[in-house]
A.B. asks: 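Below: one structure in C-alpha cells.
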Amino acid sequence: QVQLVESGGGLEQVGGSLRLSCAASGRTFSNYAMGWFRQAPGKEREFVATIGRSGGSTVYADSLKGRFTISRDNAKNTVYLQMFSLKSEDTAIYYCAARRIGAPSATRNAYDYWGQGTQVTVSS
C-alpha cells in the first residue's frame, strides 16, 4: 500500500511558476513509476507527465512539453512537477499517482494509487 500526499498548489499569476511535490509513504517508492494528472472543472482527468522508477525515463503530454518538468528524489520518496509559464488553462486539481510497474505510463488506468490532489489556480 502506498499513500500519496500532494502539496505546493495555490494561486499564481499567468506567466508565473509553481512546483508541486508528492510525498509517498512506504519503503518501495523506488520500484514505482509515478505520474501527474490534472482535472479542470467539468473536464475529464488528463495526463500531464510520468517518470520511470529510476528517473531516467519521462513522458509528457504533448501540449505541455517545454513548460512542465517531472522529476523524483527516491531518497526522499518524493516526485515533483515544476511548472513554468503558467496559463489560465493550467487551472485544475493536480493529482499524483503511483504505478506498481516501474515503467512510465500516460494511461490513467495503469496507476494503482492516487493522492487527494492539490488545487492550482492561475489568474490573469
Side-chain angles (χ1 to χ4, degrees):
Q1 189 73 281
V2 174
Q3 292 186 333
L4 304 172
V5 179
E6 301 95 337
S7 61
L11 177 64
E12 184 56 72
Q13 292 186 333
V14 170
S17 300
L18 278 175
R19 188 177 81 156
L20 306 183
S21 299
C22 173
S25 66
R27 294 175 290 178
T28 58
F29 176 76
S30 60
N31 290 340
Y32 292 80
M34 301 296 295
W36 285 98
F37 292 75
R38 68 184 184 183
Q39 188 165 16
K43 294 188 177 181
E44 294 286 320
R45 192 171 300 188
E46 65 174 359
F47 168 71
V48 173
T50 179
I51 187 167
R53 61 183 182 180
S54 67
S57 179
T58 57
V59 179
Y60 295 91
D62 287 342
S63 62
L64 301 176
K65 285 180 182 177
R67 290 199 302 120
F68 287 16
T69 301
I70 189 171
S71 61
R72 67 190 295 163
D73 186 338
N74 286 344
K76 295 182 179 180
N77 281 15
T78 302
V79 63
Y80 304 97
L81 184 69
Q82 179 70 57
M83 304 184 291
F84 301 98
S85 302
L86 285 165
K87 304 176 180 180
S88 57
E89 52 262 44
D90 294 321
T91 295
I93 299 174
Y94 283 72
Y95 296 91
C96 171
R99 182 173 190 237
R100 284 194 292 262
I101 298 174
S105 175
T107 304
R108 192 173 72 184
N109 291 342
Y111 289 82
D112 303 292
Y113 305 103
W114 291 84
Q116 293 298 307
T118 185
Q119 176 71 49
V120 171
T121 303
V122 184
S123 69
S124 55

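Since we're looking at a predicted model, the values are computed, not measured. The residues of the chain are indexed from 1 along the displayed sequence.
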A.B. asks: Any heavy-atom pair between the side chains of L18 and L86 that's under 4.5 Å?
C.D. replies: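 Result yes, sub-4.5 Å side-chain heavy-atom pair found.
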A.B. asks: For atom CD of Q119, is the number of surrounding heavy atoms from other residues, nucleotides or ligands below 6.0 Å larger than 12?
C.D. replies: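 Enclosed: over 12 neighbouring heavy atoms sit under 6.0 Å from CD of Q119.
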A.B. asks: Calculate, to the nearest 0.5 Å, the distance between atoms OG and CD belonging to S63 and E46 respectively.
C.D. replies: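 Nearest 0.5 Å value for the OG-CD distance: 6.5 Å.
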A.B. asks: V122 and L20: same hydrophobic cluster, using ILVMFWY side-chain contacts below 4.5 Å?
C.D. replies: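 Yes: a chain of side-chain contacts under 4.5 Å links V122 to L20.
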A.B. asks: Considering non-hydrogen atoms only, spot the tightest contact between R53 and N74 and give its length.
C.D. replies: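 Closest approach of R53 to N74, heavy atoms only: O-ND2, 3.0 Å.
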A.B. asks: Check whether any side-chain heavy atom of Y113 lies under 4.5 Å from a side-chain heavy atom of Q1, and answer yes or no.
C.D. replies: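 The answer is yes, as the side chains (C-beta and beyond) meet within the 4.5 Å cut-off.
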A.B. asks: Look at the side-chain heavy atoms of Ile, Leu, Val, Met, Phe, Trp and Tyr, link any pair under 4.5 Å apart, and say whether V59 and F37 land in one connected group.
C.D. replies: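 Yes; tracing contacts between hydrophobic side chains, which count when under 4.5 Å, links both residues.
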A.B. asks: For T78 and F29, run side-chain contact (heavy atoms from CB on, under 4.5 Å): C-alpha distance rounded to whole Å, both residues' side-chain angles, the deciding distance at 0.1 Å, then the answer.
C.D. replies: CA-CA 8 Å; T78 302; F29 176 76; 5.6 Å; no
A.B. asks: Please indicate whether I101 has more than 12 foreign heavy atoms, meaning atoms of other residues, nucleotides or ligands, lying under 6.0 Å from its CD1.
C.D. replies: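 Not more than 12 within 6.0 Å, no.
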A.B. asks: Determine, stepwise, if the pair Y32 / R99 fulfils side-chain contact (heavy atoms from CB on, under 4.5 Å).
C.D. replies: CA-CA 5 Å; Y32 292 80; R99 182 173 190 237; 5.6 Å; no
A.B. asks: Does atom CD of Q13 have more than 12 heavy-atom neighbours, drawn from other residues, nucleotides or ligands, at distances under 6.0 Å?
C.D. replies: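 No, not enclosed.
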A.B. asks: Below 4.0 angstrom, N of the basic side chain to O of the carboxylate: do D112 and R100 qualify?
C.D. replies: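 Salt bridge flag = yes for R100 with D112.
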A.B. asks: More than 12 non-hydrogen atoms from neighbouring residues, nucleotides or ligands closer than 6.0 Å to CD on E44, yes or no?
C.D. replies: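 Incorrect, the count does not exceed 12.
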A.B. asks: Does one hydrophobic cluster hold both V79 and F68, with members joined at side-chain heavy-atom distances below 4.5 Å?
C.D. replies: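 Per the 4.5 Å side-chain linkage, V79 and F68 are co-clustered.
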A.B. asks: Would a 4.5 Å heavy-atom cut-off, applied to side chains only, mark P104 and S57 as touching?
C.D. replies: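 Of all side-chain heavy-atom pairs linking S57 with P104, at least one is under 4.5 Å.
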A.B. asks: Going by heavy atoms in the side chains, are Q82 and I70 under 4.5 Å from each other?
C.D. replies: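 Of all side-chain heavy-atom pairs linking I70 with Q82, none is under 4.5 Å.
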A.B. asks: Can you tell me how far CZ of F47 sits from OH of Y111, rounded to the nearest 0.5 angstrom?
C.D. replies: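 Here the rounded value is 6.0 Å.
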A.B. asks: Is a side-chain donor or acceptor of S105 paired with a backbone partner of T107 at a separation under 3.5 angstrom?
C.D. replies: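 Checking the backbone N and O of T107 against the side chain of S105, a donor-acceptor pair under 3.5 Å is found.
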A.B. asks: Can R19 and M83 be said to form a side-chain contact (heavy atoms from CB on, under 4.5 Å), step by step?
C.D. replies: CA-CA 6 Å; R19 188 177 81 156; M83 304 184 291; over 6 Å; no
A.B. asks: Could you tell me which non-hydrogen atom of W36 sits nearest to which non-hydrogen atom of S21, and how far apart they are?
C.D. replies: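 Heavy atoms of W36 and S21 come nearest at CH2-O, 3.8 Å.
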A.B. asks: Measure the shortest side-chain to side-chain distance between Y60 and T58 over non-hydrogen atoms and say whether it is less than 4.5 angstrom.
C.D. replies: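 The answer is yes, as the side chains (C-beta and beyond) meet within the 4.5 Å cut-off.
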A.B. asks: Please evaluate residues L4 and W114 with respect to the criterion side-chain contact (heavy atoms from CB on, under 4.5 Å), reporting the C-alpha separation (whole Å), side-chain torsions for both, the decisive distance (0.1 Å), and the verdict.
C.D. replies: CA-CA 6 Å; L4 304 172; W114 291 84; 5.6 Å; no
A.B. asks: Would R38 and Y95 count as a cation-pi pair here, with the cationic atom under 6.0 angstrom from the ring centre and within 45° of the axis?
C.D. replies: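 Because its charged atom misses either the 6.0 Å distance or the 45° angle limit, R38 does not stack over Y95.
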